[in-house]
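In what follows, a single structure is set out as structure tokens and then discussed.
For this chain, numbers begin at 1 and follow the sequence in order. As the structure is a prediction and not an experimental result, all values here were calculated from the model.
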Amino acid sequence: MVRLIVKKSLIFLVSSLLACAVISRLSDGGLIYAGFLAAFIGAAFLLGAWLSFMKARGGDIAAMFKRKPRQEVPYIHRRDKTRAPGVMKGKYKYLIDDDMEEDERQRRDEILPPDKYHMAVAASRMACGIVMLLVSIYIHPAI
């Protein structure tokens with residue numbers, strides 16, 4: 001779990017600091033815009049850490065906004081009682097069961113359960129958020 005936290009934190013920090021360095025070099029404002037970007041990225045990481053923590057505790061906020069599956073019409077009220085496997089535009093004749101994504105999810109769950117994984121991601125995002133806020137305070141020049 002510690003290895004995952006360190007790996008995620010390093011990836012997040014390097015990409016964030018690289019974005020701040022690019023903005024610092026390419027913008028006219030220099031360090032001012034880089035400081036604002038670092039503060040924005042830090043706040044975004046802290047929000048992401050909170051959402052990951054909520055997901056680890058069982059409160060998935062993204063699931064509330066997903067589209068609900070349509071209710072099926074009862075069998076007795078369906079127009080055609082049996083479905084014919086016809087070939088229509090945009091439809092396949094045979095159903096293909098592609099479960100590679102499911103295998104990936106099972107492999108990840110065997111290594112680390114989902115709640116521990118989300119807690120590790122929350123910890124790494126929180127660490128990166130705090131570091132980016134400190135960087136924004138440090139590189140923002142005194143006006």
Side-chain angles (χ1 to χ4, degrees), residues 1-78 82-143:
M1 190 160 147
V2 173
R3 186 174 168 197
L4 178 66
I5 293 173
V6 170
K7 177 183 168 187
K8 291 272 187 190
S9 296
L10 284 176
I11 291 171
F12 291 153
L13 275 177
V14 167
S15 61
S16 301
L17 291 174
L18 185 65
C20 288
V22 167
I23 290 296
S24 174
R25 291 287 280 167
L26 297 180
S27 67
D28 291 335
L31 290 178
I32 293 175
Y33 291 145
F36 283 131
L37 180 66
F40 177 76
I41 290 174
F45 274 131
L46 290 176
L47 176 68
W50 180 71
L51 291 175
S52 294
F53 177 75
M54 293 297 288
K55 191 168 189 173
R57 294 287 181 171
D60 191 9
I61 295 176
M64 289 190 295
F65 295 111
K66 287 184 181 174
R67 181 179 286 183
K68 305 281 190 269
R70 209 174 85 200
Q71 268 189 331
E72 276 196 37
V73 177
Y75 182 75
I76 196 162
H77 296 298
R78 289 186 190 160
T82 58
R83 295 183 180 177
V87 179
M88 297 169 54
K89 187 175 183 179
K91 302 254 181 172
Y92 294 106
K93 185 173 184 178
Y94 302 105
L95 295 176
I96 299 171
D97 185 21
D98 187 18
D99 59 348
M100 290 179 66
E101 182 178 323
E102 186 177 315
D103 290 343
E104 164 64 29
R105 201 172 293 138
Q106 285 176 351
R107 198 172 315 125
R108 190 181 71 210
D109 290 349
E110 289 173 1
I111 296 171
L112 199 61
D115 58 340
K116 299 242 185 205
Y117 175 78
H118 291 300
M119 286 299 278
V121 170
S124 67
R125 286 180 181 167
M126 185 178 65
C128 290
I130 291 171
V131 168
M132 289 307 291
L133 287 177
L134 292 176
V135 165
S136 74
I137 292 170
Y138 177 73
I139 66 173
H140 188 59
I143 297 175

Does K116 have any side-chain contact (heavy atoms from CB on, under 4.5 Å) partners at least two apart in sequence or in another chain, and if so, which? M1, L112, P113
Would you say the side chain of K8 lies within less than 4.5 Å of the side chain of L4, judging by non-hydrogen atoms? yes
Closest heavy-atom pair and its distance - L133, A43: CD2-N, 4.3 Å
Using the test side-chain contact (heavy atoms from CB on, under 4.5 Å), find all partners of I130 that sit at least two apart in sequence or belong to another chain. L46, M126, L134
S16 side-chain N/O to L13 backbone N/O, donor-acceptor pair under 3.5 Å: no
Expected list for residues 17-41: side-chain donor-acceptor pairs under 3.5 angstrom, two or more places apart:
from : atom 1 : to  : atom 2 : distance (Å)
S27  : OG     : I23 : O      : 2.6
S27  : OG     : G30 : N      : 3.2

Could you report the tightest heavy-atom contact between S9 and C128, atom names first, then the distance? O-SG, 3.4 Å
How long is the gap from NE2 on H118 to CZ on F53, to the nearest 0.5 Å? 13.0 Å
Within this structure, what is the CZ-CG distance for the pair R57 and D115, rounded to the nearest 0.5 Å? 9.5 Å
Taking only residues two or more places apart in sequence or in another chain, which ones pass side chain to side chain donor-acceptor pair (under 3.5 Å) with S52? R125
Got a sec, which residues hit ring pair (Phe, Tyr, Trp, His ring centres under 6.0 Å) with F12, two or more places apart in sequence or on another chain? F45
